[in-house]
Each structure stands twice: as C-alpha cells, then as structure tokens.
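To keep things clear, I will list the structure first and then write my remarks on it.
Keep in mind it's a predicted model, so treat the numbers as computed, not measured. Just so you know, these numbers use all the heavy atoms, side chains as well, and skip hydrogens, waters and symmetry mates.
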Amino acid sequence: MHESREWQPELNPKLFTWTVRVYYEDTDSGGVVYYANYLKFMERARTEWLRAAGFDQSVLLNEHRVIFVVRSVAIEYIKPAIFDDALAVTVHPTHIGRSQIVFQQTVERGDVLTKAEVKIVCVNGDTFKPVKIPETIRQKLGNEN
C-alpha cells in the first residue's frame, strides 16, 4: 500500500471543488440523475482541476503529446440527485505516481450522494501506450509517493 500525497492547489490545499447544475437531460425516467452521468460530472471536474493547475488538455496533447485516460473506476451510489439540484463535485488526488494518478471523488448536495475512486493513466497521444507524466506537469502536480 502506498502513502497518500495531496495535491496543493493555491485556492484550497486539500480539495478541488467544481459545481454543476442538474438539467432535465441528466435525469432518467424516474426523475433522478442517470447513473452514468455522475461519471460525466466527475470527468468535467478533473478537467477543471487540471485547468486550475494551469494545464489545458489540448495543450498537453499538442505540446507534450500526452493525454490522461481513465484506467478504472470504483463507484458507489448513496443517494440520488434530482433535476435542478446544484451539486458540488470534488477532486482529491491521493496518489501521484510515475504515470498514474489516483483520485477520490464525490458528488455532493450537502451530503455525499456518490463517491468514487478513479485511476487515470498518462498515455502517449499517438500510440495510447502508458508514458511517464512529463516533468513540468509532475512539478506542478506533485511527485511519486
């Protein structure tokens, strides 16, 4: 087991939070957020986390020839979100390794509605094979535990 390392963004030392409103299109026939849409909310929050750290995904591809892809997700649905809810989606990197980052993420409306562990891997944008996270990015995000 590895020791956790927290990413230290300037605005909040432990956690990045992104807010999203639930639209009708996000819900299923029962009027609750369709289960797969929580993954979309989490993906958008990780994108905004990277942007807040100073990295645009198109620049990562064009200048560094890397992209981050999801390797695995373990998700637990606790309570439903419904139409027009304002949700807080958290991003908490718990391990930044050589080519992989592990996140704990939640979707909240006061209480935690959904929680997940998401593992992403840095891959070459041309071959899609795993590569080391570029040093300039690692310096900003943190080092291997």
Side-chain angles (χ1 to χ4, degrees), residues 1-61 64 66-125 127-134 136-145:
M1 183 149 194
H2 56 73
E3 181 181 320
S4 292
R5 175 182 294 275
E6 297 176 351
W7 179 61
Q8 302 288 323
E10 293 175 8
L11 297 176
N12 187 322
K14 296 181 181 178
L15 199 64
F16 177 84
T17 302
W18 177 73
T19 57
V20 63
R21 173 83 52 193
V22 174
Y23 295 115
Y24 183 75
E25 68 190 31
D26 298 320
T27 63
D28 62 16
S29 62
V32 301
V33 171
Y34 181 65
Y35 77 96
N37 287 335
Y38 292 97
L39 295 172
K40 291 180 182 181
F41 299 156
M42 290 178 185
E43 175 75 27
R44 292 175 195 161
R46 288 191 310 278
T47 296
E48 295 305 324
W49 169 78
L50 271 173
R51 190 182 320 275
F55 301 108
D56 180 275
Q57 291 195 58
S58 60
V59 173
L60 291 176
L61 178 59
H64 298 281
V66 298
I67 57 176
F68 289 103
V69 298
V70 173
R71 180 172 184 247
S72 67
V73 176
I75 191 165
E76 183 178 350
Y77 302 97
I78 301 164
K79 296 179 182 178
I82 59 173
F83 172 69
D84 211 32
D85 277 350
L87 305 176
V89 185
T90 66
V91 178
H92 181 205
T94 58
H95 175 74
I96 300 175
R98 182 177 142 92
S99 64
Q100 177 176 266
I101 303 174
V102 179
F103 297 95
Q104 295 297 321
Q105 289 194 259
T106 61
V107 177
E108 303 175 12
R109 182 193 59 227
D111 293 338
V112 173
L113 306 178
T114 303
K115 61 183 177 179
E117 179 180 84
V118 181
K119 295 178 182 177
I120 65 169
V121 175
C122 184
V123 300
N124 177 281
T127 66
F128 294 97
K129 292 186 178 181
V131 295
K132 183 178 177 183
I133 298 170
T136 56
I137 299 168
R138 290 183 59 74
Q139 288 175 0
K140 187 83 174 194
L141 301 182
N143 295 313
E144 188 168 3
N145 298 322

query = salt bridge (Lys or Arg N to Asp or Glu O under 4.0 Å) between K40 and E43: does it pass, once the steps are laid out?
reply = CA-CA 5 Å; K40 291 180 182 181; E43 175 75 27; over 6 Å; no
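- With a 4.5 Å cut-off on side-chain heavy atoms, T136 and H64 count as touching.
- Two residues are said to be in side-chain contact when any heavy atoms from C-beta on lie closer than 4.5 Å; R51 and D56 meet this criterion.
- Contact check for I75 versus Y35: no side-chain heavy atoms found under the 4.5 Å cut-off.
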inquiry  = Assess the residue pair V107 and K115 against the criterion (side-chain contact (heavy atoms from CB on, under 4.5 Å)); give the C-alpha distance rounded to whole Å, side-chain angles, the decisive distance to 0.1 Å, and a yes or no.
reply    = CA-CA 6 Å; V107 177; K115 61 183 177 179; over 6 Å; no
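- Listed here is the closest heavy atom pair of K79 and D111: NZ-OD2, 2.7 Å.
- Here CD1 of I67 is found 12.0 Å from OG of S58. Values are rounded to the nearest 0.5 Å.
- Of the possible donor and acceptor atoms, one in the side chain of Y38 sits under 3.5 Å from a partner among the backbone N and O of A81.
- When all heavy atoms of F16 and A45 are compared, the closest pair comes out as CE2-O, 3.7 Å.
- Aromatic pair F83/Y23: ring centres not closer than 6.0 Å.
- For the residue pair N124 and V131, the shortest heavy atom distance occurs at N-CG2, 3.8 Å.
- Between I101 and I133, the closest side-chain pair of non-hydrogen atoms falls below 4.5 Å.
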task = Evaluate the criterion side-chain contact (heavy atoms from CB on, under 4.5 Å) for residue pair I120 and F103; output intermediate values, then yes/no.
result = CA-CA 8 Å; I120 65 169; F103 297 95; 3.4 Å; yes
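- Using a cut-off of 4.0 Å between Lys/Arg side-chain N and Asp/Glu carboxylate O, D85 and R21 are scored as not salt-bridged.
- Not less than 6.0 angstrom separates the ring centroid of W18 from the ring centroid of F41.
- The main-chain N or O of H92 is never found under 3.5 Å from a side-chain atom of Q104 such that the two would form a donor-acceptor pair.
- Between the side chains of T47 and Q57, at least one donor N or O lies within less than 3.5 Å of an accepting N or O.
- Between atom NZ of residue K119 and atom OG of residue S72 there is a gap of 4.5 Å, rounded to the nearest 0.5 Å.
- Neither side chain, T90 nor T17, offers a donor N or O lying under 3.5 Å from an acceptor on the other.
- When atom types are taken as modelled, the side chain of Y77 and the backbone of L113 share no donor-acceptor pair closer than 3.5 angstrom.
- Distance check, rounded to the nearest 0.5 Å: CZ of R71 to OG of S99 gives 9.0 Å.
- In plain terms, the two heavy atoms of K132 and C122 that are nearest each other are O-SG, 4.1 Å.
- Distance check, rounded to the nearest 0.5 Å: CG of L87 to OG1 of T19 gives 9.0 Å.
- To the nearest 0.5 Å, atom CD of residue Q105 and atom CG of residue L39 are 9.5 Å apart.
- Listed by first and then second residue, the side chain to side chain donor-acceptor pair (under 3.5 Å) pairs that reach into residues 25-34 come to none, sequence neighbours excluded.
- Across all their heavy atoms, L61 and G125 have their closest contact at CD1-CA, 3.7 Å.
- No donor-acceptor distance shorter than 3.5 angstrom exists from the side chain of T106 to the backbone of E108, with no hydrogens or angles considered.
- Side-chain atoms of R138 come within 3.5 Å of backbone N or O of G97 as a donor-acceptor pair.
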